[in-house]
Amino acid sequence: MEWHRIVAALGCAWMAYGQGMATQGAAAAAREKPSGRPFAVRLTDVAAAVGLRARFVNGGETAKKYIVEANGNGVAFVDYDNDGWDDIFLVNGTQLGAGNMGGNYLFRNERGRFSDVTKAAGMERRGWGNGVCAGDVDGDGHDDLFVTYWGANVLYRNTGKGAFRAEAWADKGEWSTGCAFFDFDRDGKQDLAVARYAGFDLVKTPLPGAAANCRWKGAPVFCGPRGLPMGGLTIYRGKGDGTFTEVSSVGGFYGFTVAAGDWDGDGWMDIYVASDSTPSALLRNNGNGTFSEIGAETGLAFNEHGYEQGGMGVAAGDFDNDGRLDLIKTNFAGDYPNVYRNAGGGVFEDVVMKAGLAVNPQYVAWGVGLADFDSDGWLDVFQVNGHVFPGLAGEEYANPRLLYRNLGGGKFEDVSALAGPGVAARASSRGAAFADFDNDGDVDVLIMNMHGAPALLRNDSATGNNWVQVLVKETGTVVTVEAGGRKQAQTAMSQTSFLSYNGRRLHFGLGKATRVDALTVQWPSGRTERIAVDGINKLVKVGEGE
């Protein structure tokens, strides 16, 4: 791959305070005059009150000696027992030489309250966990989980009896991060893509300040990712019985979140990888069992000025209601997020300045979601933030969250100050997931916080707007809803945000519309179906051919 020569040809000269992370030194864009529209949404952290008690562990709390301590974990909403209530899975890390510190958590949702079933469900694995993705690998109708580690990854097979069976993954024991199940050959069996972040060895990696890539604004910090061997992506073909065969591998980037979806609308699922300090990758599915890396050609490798970035998380959805899936990518501090508008034909344009999302470049941004918090029929943007250097003079490790309300016409405005204490609260966050955990018809948020408890932001919406939720059987399914003169497209993803999973239920705000005019489903098989919907403010369950 000729990415670095492409960057040079574009005249890309990133601005970095040290050689470890990509940052542009971007200044905050001017804010437009507030719309003055009311925003009747309040997000409140109810994690402790509903029994979600856990603690994330990721290396040293006051200092980070190695980069493996800094990146944190993903989280998941997953209805593992198929009772109609989204349960919660938390990936966890550990500490160097700490023995039994850390360990993943599984909480069962008991109608809005949670009980810790980690041990009973067979999920008590300790290790340096990173990300989680979900898919039904054996076709039994239950979500299985794949968890990535620095070390051997694990496939958790759902037994359908309230528990999982951990199966060691036959990989190289590298540092894996993102993952996604997807059916790339349309044979009805779940395939798998796994991203690798970097080649990391405790013995070989220099200590803070020991090299050019181990300093930040002149201060000694952990080394990397630049200077460490690059990671990449491996694709496996699923056999339908929970076993897989490697079919393709590509390197040359520091891979984070893996977003599987039909990004060019040709009926075949592609792979987009948010990459840190290297161009992000778009692997186009050629429809014959092979892939082509075309990130630069599609406009998804760089920002609007042709610069490579410190990419972290990815969200997908139709933010401008034109029926095409757009993408948003979060980046390191000193840079803007990417607001990639899908122009059709597999081409994307970064419209971050026009969209109004260039007003908070001061944060290291991680988890991100496109979700309609006020159910007005336009997808909003929620972003979690947190620096990677605790205790570093002049840097704030704990940051607030951000919520941008969609005004329509491709414009957003920052309504973080209007959205309640759950948004204003400060933490150094990483993964985030979006679902309706209490089944009250609006979107809530689950957040991973470094060295702290998770946050569960309950959405108390007083808009009076209508909605419909669609539960699909397969990740990779694209659902389009037409109502009130608007067309909205969303896709159920095996991984999204930052190394996280939202479940298979899609929330569509209808505003004041009183009916769904059309609901169209494009299945990963390539088949498209039109489904009649009777009524609103309800959950609709759909399966291919049903």
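For clarity, every value in this text was computed on a predicted model and none was experimentally measured.
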>> Let's go through Glu474 and Arg504 carefully: what are the C-alpha distance in whole Å and the side-chain angles of both, what is the deciding distance for salt bridge (charged side-chain N to carboxylate O under 4.0 Å, His left out) to 0.1 Å, and is it a yes or a no?
In response: CA-CA 7 Å; Glu474 297 178 67; Arg504 291 178 284 107; over 6 Å; no

>> Does Ile328 form a side chain to side chain contact (heavy atoms under 4.5 Å, CB included) with Leu370? I'd like the steps, not just the answer.
In response: CA-CA 8 Å; Ile328 291 183; Leu370 272 164; 3.9 Å; yes

>> What verdict does the side chain to side chain contact (heavy atoms under 4.5 Å, CB included) test give for Asp79 and Asp143, after you've listed the backbone C-alpha separation in whole Å, the side-chain angles of each residue and the deciding distance to 0.1 Å?
In response: CA-CA 8 Å; Asp79 185 5; Asp143 272 344; over 6 Å; no

> Taking it one step at a time, do Asp322 and Lys487 satisfy salt bridge (charged side-chain N to carboxylate O under 4.0 Å, His left out)?
Replying inline: CA-CA 6 Å; Asp322 65 357; Lys487 177 188 288 187; over 6 Å; no

> How far apart are the C-alpha atoms of Thr234 and Ser249, what are their side-chain angles, what is the distance that settles it, and do they pass the side chain to side chain donor-acceptor pair (under 3.5 Å) test?
Replying inline: CA-CA 4 Å; Thr234 302; Ser249 186; 3.3 Å; yes

>> Set out, in order, the CA-CA distance, both residues' side-chain angles and the distance that settles side chain to side chain contact (heavy atoms under 4.5 Å, CB included) for Ile271 and Phe182, then state yes or no.
In response: CA-CA 9 Å; Ile271 290 290; Phe182 71 129; 3.8 Å; yes

>> If you apply the rule salt bridge (charged side-chain N to carboxylate O under 4.0 Å, His left out), what do you find for Asp191 with Lys189, and how did you get there?
In response: CA-CA 6 Å; Asp191 309 306; Lys189 302 170 185 176; over 6 Å; no

>> With side chain to side chain contact (heavy atoms under 4.5 Å, CB included) as the criterion, how do Ile67 and Leu228 come out once you've worked through the C-alpha distance, each side chain's angles and the decisive distance to 0.1 Å?
In response: CA-CA 10 Å; Ile67 193 172; Leu228 301 179; 4.0 Å; yes

>> Please determine whether side chain to side chain donor-acceptor pair (under 3.5 Å) holds for the pair Ser375 and His507, giving the CA-CA distance in whole Å, both sets of side-chain angles, and the decisive distance to 0.1 Å.
In response: CA-CA 8 Å; Ser375 294; His507 177 92; 3.0 Å; yes

> What do the steps show when you test Trp169 against Tyr149 for ring pair (Phe, Tyr, Trp, His ring centres under 6.0 Å), and what is the final call?
Replying inline: CA-CA 11 Å; Trp169 187 253; Tyr149 288 86; over 10 Å; no

>> Checking Asn130 against Thr177 for the side chain to side chain donor-acceptor pair (under 3.5 Å) test, could you report, in this order, the C-alpha distance in whole Å, the side-chain angles of both residues, the deciding distance, and whether it holds?
In response: CA-CA 6 Å; Asn130 291 282; Thr177 45; over 6 Å; no

> Going through the checks in order, is the side chain to side chain donor-acceptor pair (under 3.5 Å) test met by Asp262 and Gln522?
Replying inline: CA-CA 10 Å; Asp262 181 10; Gln522 178 185 314; 3.0 Å; yes

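Note that CZ of Phe373 is 8.5 Å distant from CG of Asp444, once rounded to the nearest 0.5 Å. With rounding to the nearest 0.5 angstrom, the CG atom of Leu90 is 6.0 Å from the CG atom of Leu446. With rounding to the nearest 0.5 angstrom, the CD atom of Glu482 is 11.0 Å from the CG atom of Asn321. Between the CG atom of Leu539 and the CG atom of Leu471 there is a distance of 5.5 Å, given to the nearest 0.5 Å. Once rounded to the nearest 0.5 Å, the distance linking CD of Gln383 with OG1 of Thr330 reads 6.5 Å.
Using cut-offs of 30° and 60° on the angle between ring planes, the pair Phe146 and Phe181 is perpendicular. Between Tyr197 and Tyr254, the two ring planes are tilted [angle within 30° to 60°].
Of the possible polar contacts, one joining the Asn158 side chain to the Tyr80 backbone as a donor-acceptor pair under 3.5 Å is found. In this structure a side-chain-to-backbone donor-acceptor pair under 3.5 Å is present from Arg324 to Asn342. No donor-acceptor distance shorter than 3.5 angstrom exists from the side chain of Asp380 to the backbone of Asp372, with no hydrogens or angles considered. In this structure, Thr477 contributes its side chain and Val521 its backbone to no donor-acceptor pair below 3.5 Å.
Between the side chains of Thr148 and Asn153, no donor-acceptor pair is found at a separation under 3.5 Å. A donor-acceptor pair shorter than 3.5 Å cannot be found between the side chains of Asp318 and Gln490.
Minimum interatomic distance between Val247 and Arg237 (heavy atoms only, all atoms of both residues): CG1-NH1, 3.2 Å. The shortest non-hydrogen separation linking Leu282 to Leu300 is CG-CD1, 3.9 Å. In terms of heavy atoms, Asp83 sits closest to Arg108 at OD2-NH2, 3.5 Å. Between Gly141 and Asp136, the shortest heavy-atom contact is N-OD2, 2.7 Å. Scanning both residues, Val472 and Val479, for their nearest heavy atoms gives CG1-CG2, 3.8 Å. For the pair Ser280 and Ser275, the tightest heavy-atom approach, listed with the atom from each and the gap, is OG-N, 3.1 Å.
Remark: Arg186 is positioned above the aromatic ring of Trp268, its terminal NZ or CZ atom under 6.0 angstrom from the ring centre and at most 45 degrees off the axis. Tyr272 does not carry Arg284 over the face of its six-membered ring by the limits of under 6.0 Å from the centre and within 45° of the normal.
Between Phe412 and Phe319, a ring centre-to-centre spacing shorter than 6.0 Å is recorded. Checked against the 6.0 Å centroid criterion, the rings of Trp85 and Phe437 do not qualify as a close aromatic pair. Remark: aromatic rings of Trp467 and Phe508 are distant, center separation not under 6.0 Å. Two rings, from Phe256 and Phe498, have their centers less than 6.0 Å apart. Between Phe291 and Phe184, the distance separating the two ring centers is shorter than 6.0 angstrom.
When Asn439, Asp436, Asn537 are each tested for a side chain to side chain donor-acceptor pair (under 3.5 Å) with Gln469, only one passes: Asp436. A side chain to side chain donor-acceptor pair (under 3.5 Å) with Lys329 holds for exactly one of Asn338, Asn303, Thr257; it is Asn338.
Heavy atoms from other residues, nucleotides or ligands lying under 6.0 Å from CG of Asp241 number more than 12. Counted within 6.0 Å of NZ on Lys538, heavy atoms from surrounding residues, nucleotides or ligands total more than 12; the atom is thus considered enclosed. Under a cut-off of 6.0 angstrom, the local environment of CZ in Arg527 is crowded, with over 12 non-hydrogen atoms contributed by other residues, nucleotides or ligands.
With contacts defined as side-chain heavy-atom distances shorter than 4.5 Å, the pair Glu544/Glu529 qualifies. Residues Val68 and Trp128 are in side-chain contact: their nearest non-hydrogen atoms beyond the backbone lie under 4.5 Å apart.
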